[in-house]
Amino acid sequence: MIFHAFLIKYAEIALKGKNRYVFEDALVKQIRTALSRLEGEFDVVKEQGRIYVYCPGEYDYEETVEILTRIFGIVYICPVMIFEEHGLPQLCTDVVNYMKAVHPDYDGSFKVWTRRADKSYPIGSMEVSAEIGGAVLEAFPQARVDVHHPELNLSVEIRSRIYVYSRDIRGAGGMPVGTNGKAMLLLSGGIDSPVAGYMIAKRGVRLDAVYFHAPPYTSERAKQKVVDLAEQVAKYSGPIQLHVVNFTDIQMAIYEKCPHDELTIIMRRYMMIIAEALAGKSHCLGLVTGESLGQVASQTIQSLAVTNAVCTLPVFRPLIGFDKQEIVEVAKRIGTFETSILPFEDCCTIFVAKHPVTKPLLHVIEKSERKLDGVIEPLVQKALEETETLVIR
Ligand code: ATP
Ligand code: MG
């Protein structure tokens, strides 16, 4: 099957009035970047309020579609066959050949939509549609025309050449990455945070990520798992700078000095402090976590409030109202689930108390944290200085 181009349909971004071109340009850029990873030549052009991806040479159709379906901002991808303009009789033959190739033995209802982008074309669009419809009916005796509720919309666009398409492949939706600033994702090896990153990227936000590990309590393999997850998220979000922070000494200090039932909440506050420091350095305008209300002790409304109290940047928690099952569904769909469930230890789980506080009070937690005065600041400083940054593509 040879399609010569893809028509890229976008919806949400078309609503943006004067900013429309900003969004279109961002989308064109995302498409170019994503396709540059593939073999073959692709020309991505914006013309007459549409975006086309032209494929002048050999290319892998399946792979190309797969990549396009991951680009945020695209609602539908229509594979297009392009024919030279040789008059109406030839056009009818071409469209019939297209139908034979794309919908062999078609026996449903259809409607022909003709659009004259080239207004100098001598025949009116109604007449073109009627002629083509007749030719299709002749070639597909089981098919029928239905202008109100057709099962198949056969589009014919008359430009300097003739574009024919009828298939809509569902795109990722959302907005092009890069149109909505950048945020810092707290990425663990779990199921939730990669999904949270995906959801925020879908709203046009570029991502940086931070992972806290605790060697030797957490292994190289646990870190590799997070790198793998970041790679999977990057297929949607574009390149991610992944900051890997050694959290061991901070965790040990908290473990030594603070009440054990408060460990998780205090640890989470220090994660936020460090994430925010890194966010500031890389121009991120918010933090993103995979927290979901009530999921575990550290995600009760009281715990989230206490965690939040150390942050000055907004914290985005796109999964806040999701059940685990709903999160798992997205994780499976975006391809992170299988990696997330690999059984490697996470730094949070190593020092957890049997009965963590579920309704922490801010002043109580702050009082406990005072026991860290003079000890924790240099450790935070050191952790920041020794942060390793990986670029994930
Ligand atoms: P996840 O499935 O994303 O690991 P979780 O249900 O295990 O989430 P927690 O361990 O309480 O929940 O973590 C809540 C959020 O805190 C995570 O979604 C993530 O954003 C962040 N987080 C937890 N541990 C780490 C870590 N080691 N490095 C970076 N971020 C982390
Ligand atoms: Mg976790």
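Atoms within a ligand are numbered from 1 in the order they appear, just like the ligands themselves. We use all heavy atoms of the structure for the numbers below, so side chains are in, but hydrogens, waters and symmetry mates are not. Residue numbers start at 1 and run along the sequence shown.
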Practice task
Assess whether salt bridge (Lys or Arg N to Asp or Glu O under 4.0 Å) is satisfied between Glu329 and Arg333, documenting all intermediate values.
Solution key: CA-CA 6 Å; Glu329 278 165 27; Arg333 182 158 56 77; over 6 Å; no

Practice task
With heavy atoms of Val210 as the reference, note each atom of ligand 1 found under 4.0 Å away.
Solution key: 29 (C)

Practice task
May I ask you to decide if Val128's main-chain N or O and Glu131's side chain share a donor-acceptor pair within less than 3.5 Å?
Solution key: no

Practice task
Using the six-membered ring wherever Trp is involved, compare the ring planes of Tyr52 and Tyr163 and label them parallel, tilted or perpendicular (cut-offs 30° and 60°).
Solution key: perpendicular

Handout entry: Atoms in ligand 1 with a heavy atom of Leu187 nearer than 4.0 Å
Key = 28 (N), 29 (C), 30 (N)

Handout entry: Heavy-atom proximity to atom 21 (C) of ligand 1, best of Glu291, Arg268, Gln295
Key = Arg268

Practice task
Enumerate the atoms of ligand 1 whose separation from the nearest heavy atom of Gly190 is less than 4.0 angstrom.
Solution key: 1 (P), 2 (O), 4 (O)

Exercise for the section: With rounding to the nearest 0.5 Å, note down the distance linking CZ in Phe23 to OH in Tyr10. Expected result: 12.5 Å

Practice task
Check for a donor-acceptor pair, side chain of Ser193 on one end and backbone N or O of Gly189 on the other, with a separation under 3.5 Å.
Solution key: no

Exercise for the section: Taking only heavy atoms of Ser298 into account, list the atoms of ligand 1 that are under 4.0 Å away from them. Expected result: 11 (O)

Exercise for the section: Pull out every atom of ligand 1 sitting under 4.0 Å from any heavy atom of Thr289, numbered as shown with elements. Expected result: 20 (O)

Practice task
Could you tell me whether Leu186 and ligand 1 have an N or O pair separated by under 3.5 Å?
Solution key: yes

Handout entry: Presence of salt bridge, Asp261 and Lys354, under 4.0 angstrom
Key = no

Exercise for the section: Looking only at distances, please establish whether an N/O atom of ligand 1 is found under 3.5 Å from an N/O atom of Gly189. Expected result: no

Practice task
Could you tell me whether some N/O pair between Tyr211 and ligand 1 is separated by less than 3.5 angstrom?
Solution key: no

Practice task
Consider every N or O of Met271 and every N or O of ligand 1, then say whether any pair is closer than 3.5 Å.
Solution key: no

Practice task
Output the list of atoms in ligand 1 that are nearer than 4.0 Å to some heavy atom of Ile191, sorted by atom number.
Solution key: 2 (O)

Practice task
Check each atom of ligand 1 against the heavy atoms of Gly290 and keep those under 4.0 Å away; list them by number with element.
Solution key: 17 (C), 18 (O), 20 (O)

Practice task
Examine Val288 against ligand 1 and note whether any of their N/O atoms are separated by less than 3.5 Å.
Solution key: no

Exercise for the section: Describe, in one word, how the ring planes of Phe6 and Tyr61 are oriented to each other, choosing from parallel (under 30°), tilted (30 to 60°) and perpendicular (over 60°). Expected result: parallel

Handout entry: Check: Ser237 main-chain N/O paired with Arg206 side-chain donor or acceptor under 3.5 Å
Key = no

Practice task
Give a yes or no on whether the ring-centroid distance for Tyr106 and Phe140 is below 6.0 angstrom.
Solution key: no

